[in-house]
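Heavy-atom basis, side chains included; hydrogens, waters and symmetry copies ignored. Computed from a predicted structure; not experimentally measured. Both ligands and their constituent atoms are indexed starting at 1 by order of listing. Nothing fancy with the numbering, it's 1 onward along the sequence.
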Amino acid sequence: MAPGHNGLPHGHPTERSLSLWRKADAVVFDVDGTITTEYSLDLLAEFMGVREQVKALSKRVQEGTLSLEAATAQKLSYIHCSPHDIKRFLQSHPPASRLAPGVESLIKTLQARGVAVYLVGDGFRELTLPLAAHLGIPKDRVFANRMNWQWDDETGEATKLVGFDLKEPTAHREGKPKAIARIRQKHPYHTVAFVGKDMYDLHAVQSSRGADVFIGYGGVMPRDDVARAAEWYVTDHRELAQALARYRVAIIGSGAWACAASRMVTQNTAEYDMADEFLEEVTMWVREEEFKGRSLAQTMNETHENTKYFPGYTLGRNLQAVTSLEQVVSDADLLIFCLPHQYMLGVCQQLMGKVKPGAAAISLIKGMRVQPEGPQLVSQMVRRYLNIDCCVLMGANIATDIAKEELSEAVIGYQNLEHAERFKKLFERPYFRITLLPDPIGAEMCGTLKNIVALGAGMVDGLGMGPNTKATIIRQGLSEMRDLSKALYPGVHDQTFLEGCGVGDLVATCAGGRNRLVACAWTKAQLEGKPMSFEDLEAEILKGQKLQGTLTSDEVQGIIKLRAWETRFPLFTTINRIINGHLPPVFITNIQAGCRVEVEHHEDHDELPLSPAPPPLAKRGNTSSGPAPAPPPLPPLRHARAAQQTVLAAALASAHVDTAATQAPEAAQAQGQGPESGQGVGGGVGAAPGLGTGSPGHGPKPAPSEARV
Ligand SMILES: NC(=O)C1=CN([C@@H]2O[C@H](COP(=O)(O)OP(=O)(O)OC[C@H]3O[C@@H](n4cnc5c(N)ncnc54)[C@H](O)[C@@H]3O)[C@@H](O)[C@H]2O)C=CC1
Ligand SMILES: O=C(CO)COP(=O)(O)O
């Protein structure tokens, strides 16, 4: 055969046709000779013993010496069958026996990807509908001619074939473009591809522009003229299936959650799936570092285990650890960001202009960045710096439990539904359920803010208090999460806080998360008189994994302080004051007092963010905002025991809080003021105004929407 369109060899699509095929949301197939191996009417004619007469008519139509309408009428008069004959014909020629090789699998693949498949042919519904049923194509997606029947007046049954319905669009030569136009009128498809066999099909598409691209199929009835004229000519349906886009997946980050999430992703990309949307191999950016004298990335590629950040869990064999960030993203279509949030700005800056155009991202990161003009969530940062869409995946997703394949749920918050659906396919497993949520900001705010509340829950545990107190913190935390999210982003939905990303994640993190764990140890260390910094405890307990809550608390407090919202957000404010050493941990049960205590600042670097331009995030030692080396650490107040005591004394004096409130619960109990004194959270600690009493000791009166604790 001669070379195809634009001199390309057969089977080589033009760039345009390949791209349109890959993004088509509807594909229309011609029927006879395209999805079947024969003209079905010819087969019926053979069945009825008139094959040669009917074939001769088809030849005249191809030669242009007889009109389609006249030939079809003549064929039916030769065939002259009854409905019973058709039934027998269909039994002896079941759909599977009539289909062209590879077409069934191609259609199933398209359908699994959500592509709408249509059949438009100049054959007959009576013979085409069984094929459609076999292929899972609904009747209303089939355009074909209708036979006319003679009816028996007495039995009311069809008896003899008496022609066909000329009102059907497919009864005429220009019928196919008309059918496609009807499809487009009814459904706003973006891109429609047409797969057909002959020049009539090609002209039908070119003349009407009904479809965006014509692909010639010559596997059954090869045609040189079509091969020359078509932008893409295939002789096997498998070529079309193979050419469908497959997405290359990259994970940016290699910590605990990144590794647990990579297991789901690699399980899905490796598993056989009709849609076959993803390339099996997944790459993971592993920051260049040595662990136990060896390159961590190299160890991961050899042992399929992240021995530093996620020891004890096997990662997919189809996961490839790569140390070059640029290399990982350069050809990736789907980017999964999963890093401690403080490193994301540096990563985004490094990747500017390096991401594949049209790529889509999802962030699993829980945290935000605070800029003078306001907060910037990670998904917003990705959109802004990388100029690509970014969904978020948020939920009660403690990494180790997911790696053990225990049931868990998450939401994908999205702006672009198509991307969200693709990511859902990439992550969803029998043990990992995903709901799509059109509130990405709400979902991300939940994931970010719950890390602060988890610190409070850890303090409750560290103080040795029970579930009632923790539930109070969780309830108050949820309320402040919602109020702050809505105050900053009024479009956030209330319902989001009741989803897996809201109350679900909050409960899980307050029960078993790292923020809770470290805050509990920090509180105990304080009570035992051997205080330790959060950073030291993080390093000791988490062994390289990172806390997000302490940094987020500082960032969020910058927002609260700037707007003088301390009394609107008493839990957030009190937690921030406790972790910075301005209040003792026991104030977690007395947040109405905690948020009103006047905080005295002794050194410039000890201040909570006060100014309209919050201080750089790098201020807190190893919590720099990029992967570049952090500036020399300034010891924050929460790390300095002596300074803490000084400020604490001043804070207590200014709040007129009884010093008993600052003691360990045991000591407070001894004075009848501890949790077992019957006053509990409502007023058990010190002489500061009781929690839940609604009568703060001093400071502005809370607004009605204020916290109830
Ligand atoms: N671990 C968990 O159970 C869950 C974590 N998340 C969130 O996922 C995000 C990532 O957490 P994990 O994967 O657990 O990470 P992780 O807490 O295990 O931290 C280790 C990661 O930080 C990276 N890292 C350390 N220093 C760095 C630097 N200077 N520059 C760049 N990267 C550096 C390491 O290379 C490694 O990828 C966080 O926002 C976290 O809140 C969300 C759900 C569950
Ligand atoms: O986000 C988490 C669970 O969904 C994990 O929280 P921690 O970082 O506190 O472990």
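- The ligand atoms of ligand 2 that sit less than 4.0 angstrom from a heavy atom of T509 are 2 (C), 3 (C), 6 (O), 9 (O).
- When non-hydrogen atoms are compared, ligand 2 lies under 4.0 Å from the side chain of K366 (C-beta onward) but not from its backbone.
- Across all non-hydrogen atoms, the minimal contact from G367 to T448 is N-OG1, 3.2 Å.
- Listed by number with element, the atoms of ligand 2 under 4.0 angstrom from any heavy atom of I398 are 3 (C).
- Both the backbone and the side chain of N515 come within 4.0 Å of ligand 2, judged by heavy-atom distances.
- A salt bridge is absent between R369 and E555: the closest approach of a Lys/Arg side-chain nitrogen to an acidic carboxylate oxygen does not fall below 4.0 angstrom.
- At a threshold of 4.0 Å, the pair R516-D461 counts as salt-bridged, since one of the basic side-chain nitrogens sits closer than that to a carboxylate oxygen.
- Near N397, meaning under 4.0 Å from one of its heavy atoms, ligand 1 places the atoms 3 (O), 43 (C), 44 (C).
- Between E405 and R263 there is a salt bridge, since at least one side-chain N of the basic residue sits less than 4.0 Å from a carboxylate O of the acidic one.
- The minimum heavy-atom distance between V460 and G466, with the atom names listed, is CG1-O, 4.1 Å.
- The aromatic rings of F569 and W565 lie tilted to each other, with the angle between the two planes from 30° to 60°.
- Near G513, the atoms of ligand 2 lying under 4.0 angstrom from a non-hydrogen atom of the residue are 9 (O), 10 (O).
- Heavy atoms of other residues, nucleotides or ligands lying less than 6.0 angstrom from NZ of K470 number more than 12.
- Here the straight-line distance linking atom CD of E289 with atom CZ of R294 works out to 14.0 Å at 0.5 Å rounding.
- At least one side-chain heavy atom of M284 sits less than 4.5 Å from a side-chain heavy atom of M300.
- If you check each of A256, A261, P340 against atom 23 (C) of ligand 1, the one with the closest non-hydrogen atom is P340.
- No more than 12 heavy-atom neighbours from other residues, nucleotides or ligands sit within 6.0 angstrom of CZ on R433.
- With ligand atoms numbered from 1 in the order given, ligand 1 contributes 3 (O) to contacts under 4.0 Å with heavy atoms of I398.
- Nearest protein heavy-atom contact of atom 3 (C) of ligand 2 is D505 OD1, 3.5 Å.
- Scanning the protein for heavy atoms near atom 7 (P) of ligand 2, the closest one is R514 N, 3.4 Å.
- For A420 against Y414, the heavy-atom pair with the smallest separation is CB-CB, 3.4 Å.
- Every atom of ligand 1 with a heavy atom of I365 under 4.0 Å away is listed here by number and element: 39 (O).
- Taking both residues in full, the closest heavy atoms of P438 and H493 are given as O-CE1, 3.8 Å, listed atom of the first, atom of the second, then distance.
- Polar contact with ligand 1: present for G255 (N/O pair, distance under 3.5 Å).
- Classification of K425 and E421 as a salt-bridged pair fails, no side-chain N sitting under 4.0 Å from a carboxylate O.
- Considering backbone and side-chain N/O atoms, Q545 never comes within less than 3.5 Å of an N/O atom of ligand 1.
- If you look at Q548 next to ligand 1, the close heavy atoms, those under 4.0 Å, all belong to the side chain.
- Residue contacts with ligand 1: A258 is included, with a non-hydrogen atom under 4.0 Å away.
- The proximity of Y343 to ligand 1, defined as any non-hydrogen pair under 4.0 Å, is limited to the side chain.
- Taking each of L339, I402, T509, L325 in turn, the one with a heavy atom nearest to atom 9 (C) of ligand 1 proves to be L339.
- Counting only heavy atoms of the protein, atom 5 (C) of ligand 2 lies nearest to K450 NZ, 3.8 Å.
- Here atom 40 (C) of ligand 1 lies nearest to R514 when heavy atoms of M344, E288, H341, R514 are compared.
- Pairs of residues two or more places apart, or lying in two chains, that qualify as ring pair (Phe, Tyr, Trp, His ring centres under 6.0 Å) and include a residue from residues 289-321 are F310-Y313.
- Counting atoms of ligand 1 from 1 in the listed order, those under 4.0 Å from a heavy atom of A399 are 1 (N), 2 (C), 3 (O).
- Polar contact check, R516 against ligand 2: no nitrogen or oxygen pair lies under 3.5 Å apart.
- Between G395 and ligand 2, a contact under 3.5 Å exists for at least one N or O pair.
- Contacts between L364 and ligand 1 below 4.0 angstrom, taking non-hydrogen atoms only, involve the backbone exclusively.
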